[in-house]
Amino acid sequence: MLTNAQEYSTAFHLGWNTMVPFSDKDFTGSTSSAGIRLGYSKFVNEKFGFGFEAGYSTLDDYVPPTTYEYPGGAITTDIYNYLYYFTLMANGQYYFAQGEHFIPYTSLGMGVAFSEYKIFYNVYQENDNNTGFVIRPEIGTLFKIKEYSSFGLKAALGFDYATNKSDYFETKNLAALNFQIGIVFLNR
Amino acid sequence: MKKIAGILVIACLAGCAREPEVADLVKYMVVETRYDTEEVNESANVFTDYSTFVLREDTLGFVSTYAGSDTILLDEAGTRIDFVNSTIERVAEHVTDRGFTRVEEDENPDFAVKIVVLENFSFFQTVSYPGYYSGYYGYYGGYYGPIVNTYSSNFVTMVIEVDDIKHYAENGSKYKVIWSAYIGDLLTTDDRKNKILVAVDKAFEQSPYFSNN
């Protein structure tokens with residue numbers, strides 16, 4: 001995502017992402033570690049950089065057998081709720097300091113989010129796809145194993161707010177906390 | 001290093017794009033029941049007007065969207081078709097428990113209970129279900145499966161249906177469908193025989209209005 005501009009010009013990161021949903025907990029309320037982040041950054045100078053990042057996460061939840069009544073009938077089933085969430089963002093970064101090992105930063109990303117809300121019950125399934133705008137403020141740090149290493153680790157905490165929602169499943173705009181840990185490849 | 005990154009990306013993507021396990025999905029059958037809101041509502045319940053019913057003894061109709069596959073199901077020892085008699089008996093037990101008397105067809109029953117297994121019809125999502133049959137109510141003259149609009153699939157669904165015989169003339173010489181239950185999927189579910197019985201119990205449990213009291 002970033003590094004010392006005097007030493008490095010670009011970086012590529014790959015991270016494992018955990019999502020904690022803040023919205024629509026009735027649909028997918030459980031924390032999920034089924035997520036990935038991929039990103040590329042270009043360093044402008046020691047303080048600033050920009051880049052893009054793609055992310056893919058799956059949230060899911062299980063609802064035990066329940067009887068749902070509606071006018072003229074009722075249905076009993078257990079349900080597996082799934083939310084497949086893909087983001088593509090441009091971002092800008094600000095680096096607080098360039099330490100020997102740690103490079104803390106904050107960033108703001110904006111882009112497009114694609115989501116698929118899907119329910120599975122027995123062999124049946126229903127889904128609703130939509131596209132929205134997403135914004136992601138984030139703070140994190142890089143950790144260089146050696147001072148001039150081209151390999152490092154990354155940890156970041158961010159918050160996604162996306163305009164994606166499903167009228168079909170009556171979900172609201174998507175909001176979730178993200179925690180990412182991963183690896184960084186630094187290029188001089 | 002790039003190769004390792006590539007492998008990691010593919011592995012992560014595969015891990016993220018997950019779905020529930022089929023074995024977990026088919027642990028419970030889906031049971032949906034519907035009733036005619038013109039006949040069963042806050043001010044009226046046609047079931048209180050019935051006292052007798054007819055239900056075929058030992059076979060179920062099997063209707064498929066695959067041409068030439070329609071048949072009649074009989075229990076066959078050692079095969080996957082082992083749920084016919086147990087299902088009929090359980091349905092008859094429930095209907096009797098709700099205060100109705102089982103009679104023969106020539107004893108002028110008030111309603112018919114039909115049980116049909118449908119292959120390749122989907123009910124739980126896109127059903128467009130007419131409330132009437134225009135012909136014979138399809139008992140001993142053969143099985144006339146419910147008429148549905150559907151799309152192709154590999155689902156096998158059991159439909160239990162109540163057709164009004166008593167008010168045939170009042171309903172414009174048609175057998176009106178008063179109640180129906182859909183149970184699925186029969187194709188992928190293991191322990192089919194017992195799970196069908198559990199599903200039949202649930203269908204009646206969620207239909208308290210199905211009673212002549």
Side-chain angles (χ1 to χ4, degrees), chain A residues 12-19 32-39 54-86 116 118-127 150-151 168 180 182-187, chain B residues 1-2 4-22 24-38 40-41 122-127 153-157 179-189 195 198-199 201-203 205-208:
Chain A
F12 168 79
H13 72 266
L14 171 63
W16 175 39
N17 191 59
T18 296
M19 275 184 91
S32 170
S33 297
I36 183 177
R37 291 274 184 82
L38 278 170
Y56 184 68
S57 290
T58 301
L59 292 167
D60 66 284
D61 236 331
Y62 174 67
V63 183
T66 304
T67 300
Y68 305 90
E69 293 189 11
Y70 59 86
I75 185 167
T76 299
T77 185
D78 58 334
I79 300 175
Y80 290 84
N81 294 326
Y82 273 69
L83 170 59
Y84 301 103
Y85 178 62
F86 177 72
E116 179 182 16
K118 195 168 188 176
I119 64 169
F120 299 84
Y121 51 110
N122 202 277
V123 297
Y124 314 99
Q125 48 187 265
E126 298 173 45
N127 68 312
S150 60
F151 176 75
Y168 186 71
Q180 181 192 171
I183 53 176
V184 182
F185 302 97
L186 303 160
N187 302 303
Chain B
M1 196 66 88
K2 285 180 180 173
I4 293 170
I7 292 168
L8 282 172
V9 170
I10 292 166
C12 288
L13 282 172
C16 297
R18 58 187 183 173
E19 291 191 347
E21 298 288 333
V22 173
D24 293 330
L25 280 171
V26 299
K27 198 179 287 180
Y28 302 100
M29 284 185 165
V30 179
V31 183
E32 183 165 18
T33 48
R34 299 177 192 164
Y35 57 89
D36 186 320
T37 52
E38 284 183 7
V40 179
N41 51 52
S122 179
F123 288 96
F124 301 108
Q125 295 147 305
T126 59
V127 67
S153 62
N154 287 315
F155 309 148
V156 176
T157 309
W179 179 85
S180 46
Y182 310 92
I183 295 168
D185 171 67
L186 273 61
L187 189 66
T188 51
T189 303
K195 286 184 179 172
V198 170
D201 293 346
K202 178 56 74 175
E205 183 187 317
Q206 67 191 41
S207 307

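Computed from a predicted model, the values in this text were never measured in an experiment. Proteins get letters first, then strands, A, B, ... in listed order; numbering begins at 1 in each.
For B:D201, the salt bridge (charged side-chain N to carboxylate O under 4.0 Å, His left out) partners at least two apart in sequence or on another chain are B:R90. Every residue meeting the side-chain contact (heavy atoms from CB on, under 4.5 Å) condition with B:A181, not counting sequence neighbours, appears here in chain and number order: B:T33, B:I160, B:W179, B:A203.
Proximity to chain B (any heavy atom under 4.5 Å) is restricted, for A:Y62, to the side chain, taken from C-beta onward. Neither the backbone nor the side chain of B:S207 comes within contact range of chain A; no heavy atom of the residue lies under 4.5 Å from a heavy atom of that chain. Residue contact with chain A, scored on non-hydrogen atoms closer than 4.5 Å, is absent for B:N41. In this structure, the portions of A:T76 lying under 4.5 Å from any heavy atom of chain B include both its backbone and its side chain.
Taking each heavy atom of B:R18 and A:Y82 in turn, the nearest pair found is O-CE2, 3.4 Å. Nearest approach of A:Y124 to B:G184, heavy atoms of both residues: OH-CA, 3.4 Å. Taking each heavy atom of A:Y84 and B:E19 in turn, the nearest pair found is OH-CG, 3.4 Å. Of all heavy-atom pairs spanning A:D78 and B:D24, the tightest one is OD2-O, 4.3 Å. The shortest non-hydrogen separation linking A:G73 to B:Y35 is N-CE2, 3.5 Å.
Counting heavy-atom pairs closer than 4.5 Å to chain A, the top-ranked of the candidates B:T189, B:V26, B:V40 is B:V26. Most heavy-atom pairs under 4.5 Å with chain B: of the set A:D60, A:T67, A:V123, this distinction falls to A:V123.
Within the model, atoms CZ of B:R34 and CD1 of A:I75 stand 8.0 Å from one another, a figure rounded to the nearest 0.5 Å. Atom CG of residue A:N122 and atom CD1 of residue B:I183 lie 11.5 Å apart, to the nearest 0.5 angstrom.
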Does the side-chain contact (heavy atoms from CB on, under 4.5 Å) test come out yes or no for B:Q206 and A:Y68, once each step is laid out?
-> CA-CA 9 Å; B:Q206 67 191 41; A:Y68 305 90; over 6 Å; no
